[in-house]
Protein chains: 2
Amino acid sequence: MANPMYRQIAEDLREQIESGQLQPGQQLSTELELRERYRASRNTVRDAIKWLMNLDLVETRPGQGIFVVKKIAPHVTPLSGDPGTGEGAIYRWQVSKNGRKPDSTVPQVEIQRADKGIAAELQLPEGTQVISRHEKRYIDETPWSLMTSFYPRGFVVQGAGKLLLADNIAEGAVQYLNATLGLRQAGYRDWITVRAPNAVEAEFFSLPQDGRVAVFENFRTAFDQTGTPMRVTVTVFPTDRNQFVVEIGDVPEPQVRAAADDHKS
Amino acid sequence: MANPMYRQIAEDLREQIESGQLQPGQQLSTELELRERYRASRNTVRDAIKWLMNLDLVETRPGQGIFVVKKIAPHVTPLSGDPGTGEGAIYRWQVSKNGRKPDSTVPQVEIQRADKGIAAELQLPEGTQVISRHEKRYIDETPWSLMTSFYPRGFVVQGAGKLLLADNIAEGAVQYLNATLGLRQAGYRDWITVRAPNAVEAEFFSLPQDGRVAVFENFRTAFDQTGTPMRVTVTVFPTDRNQFVVEIGDVPEPQVRAAADDHKS
DNA sequence: AACGATTTGTTCGTATGTATC
DNA sequence: TGATACATACGAACAAATCGT
């Protein structure tokens, strides 16, 4: 009696879902049937469903019904590795190594004025022109991440003209900048946050319009051999299909592992 | 007209919040006033408020009113660093370096049977007894993270008896295991996921009971000089107050930086 | 292509409970 | 204690999406 009725209904359905009585993708009873089963009004049943939607356990489809959400098999992105490796090539390799099909759009290249955050990372005055290279990435045809790299505009006049071409740089941007400008990527810093998706991101990733499913935002600042920032890459990953690994020091070959939960009260 | 009324109301209020017209912590008009201002019923106004609550922009306090949420100043946890460093000492150092006050409970020690995930990480059979050391951590009196470390039970009979004491290990667990068992922490792997908090976590961190604010879950597996796992640490961090940095290769001194958003459509 | 049946989405009204000041 | 404000619950009506006939 302590809990309101809609929570009790939600708890009951939750147990059925988490016990596997209701399988992912399976349709549950309609609002009308639930109303009868729990002897509650339609609005109360709907409140229970909303609760479960917030927990990302069910989804509703207008005109069809209520369904247990199908969890997407996550992709694990390694954040550590050879500091001198580029982004594009290693992405495809990492994904296909796991037997999945990577894909990405042709880069969309623009010249923009650096906003405060990008300017600070690149150690340039705010408003300085920078080259922005934007790419949408997919795994098994599903939208997976949005990547945007920013380079100082000066790189182009110094001889790295390919940065302005809307085309994949075959040898990778890191190798290309090394060959043309003698810039060696000596290291990078990743800065990981979680936030609600904006409207564009929600649309692209097919996330609910409200903020239920969050996104990772990773700011990667790459430095050359002199410690000068040479690139900032901002990548957005939905948290429902992305995870990260970092390896520091000597770590043996990774093992296959399963998800685990609730280790400690 | 495309959007339902409650969304339009939510959008209007959202703009006022994000433009700074409504400051964090400030009280909004009451449901009654909003009902009159937007000429909508109370339920429609409440739907708009619910939408903003999902986006974590406002919070409601029964008997008081509706308030713009105060964002908590985030703490940034470095995931990279000396692979041989322990957890407890470096945590306090990292936090106080930023001028904030760290705090943590005395460890709560238990002997548990390893569940599937922990057993796999420690490369032990499922159900093997392990030592669990659980600690609650605070920053500036605010609950900040929940940490649980798991060690093989065998460490105790081999001479590392302090692991069973409900007390902070002054020199740090890593140094202690080195001194007693000759185990050197050669490296570790962090595996980062995001999920909805469970009831206990929501309670401890004062998060809403539904899954609106997610938590990071970091599985850290530490390996000794032979490549054998010696510890698994599971730490849970609310995403609304925690961020991470990883540095790979040569990275210059970090700079103070501000948040940035929406770099690319 | 058109229609009807089913199902969820939005909006209103109303009453009562509970928390805070 | 009373007034105020949000929380829960019921009922009702119409809109919009989907599917099968």
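Residue numbering restarts at 1 for every chain, and letters A, B, ... go by the order of the sequence lines. These values consider heavy atoms only, across backbone and side chains, with no hydrogens, waters or symmetry-generated copies.
- Salt-bridge check for Glu11(B) with Arg7(B): failed, with every basic side-chain N at 4.0 Å or more from each acidic carboxylate O.
- Protein atom CD of Glu31(A) is 14 Å distant from nucleotide atom P of dG11(D), rounded to whole Å.
- Interface residues of residues 51-65 of chain A facing DNA chain D, ordered by number: Pro62(A), Gly63(A), Gln64(A); criterion, heavy-atom separation under 4.0 Å.
- Both cation-pi conditions hold for Arg61(B) and Phe67(B): the charged atom is under 6.0 angstrom from the six-membered ring centre and inside a 45 degree cone around its axis.
- For the pair Val68(A)/Leu57(A), no side-chain contact is recorded, criterion being any heavy-atom separation below 4.5 Å from C-beta on.
- Among all heavy-atom pairs drawn from Asn168(A) and Glu135(A), the shortest one is OD1-OE1, 4.0 Å.
- Atom CZ in Arg7(A) sits roughly 13 Å away from atom P in dA7(D) (whole-Å rounding).
- The neighbour count for Lys101(B) NZ, taken as heavy atoms of other residues, nucleotides or ligands under 6.0 Å away, is above 12.
- When the P atom of dT10(C) is taken as reference, atom CD of Gln8(B) falls 12 Å away, rounded to whole Å.
- Between Met5(B) atom CE and dC14(D) atom P there is a gap of 16 Å when expressed in whole angstrom units.
- Rounded to an integer number of Å, the gap from Gln209(A) CD to dT10(C) P is 12 Å.
- Atom CD in Gln108(A) sits 5.5 Å away from atom NE2 in His134(A) (nearest 0.5 Å).
- Near DNA chain D, defined here as any heavy-atom distance below 4.0 Å, the residues from residues 33-46 of chain A are Ala40(A), Ser41(A), Arg42(A), Asn43(A), Thr44(A), listed numerically.
- Residue Ile49(A) contributes atom CD1, which lies 14 Å from atom P of dT7(C) at whole-angstrom precision.
- Under the 30°/60° scheme for interplanar angles, the aromatic rings of Trp191(A) and Phe219(A) are found to be tilted.
- Computed from coordinates, the Ile9(B) CD1 to dC12(C) P distance equals 8 Å when rounded to whole Å.
- Rounded to whole angstrom, the span from the CD atom of Gln27(A) across to the P atom of dC19(D) amounts to 11 Å.
- More than 12 heavy atoms of other shown residues, nucleotides or ligands fall within 6.0 angstrom of atom CD in Glu36(B).
- You'll find that the side chain of Thr30(B) is closest to dC6(D), out of dG9(C), dC6(D), dT7(C).
- Nearest heavy-atom pair across Val109(A) and Ile131(A) is CG1-CG2, 4.1 Å.
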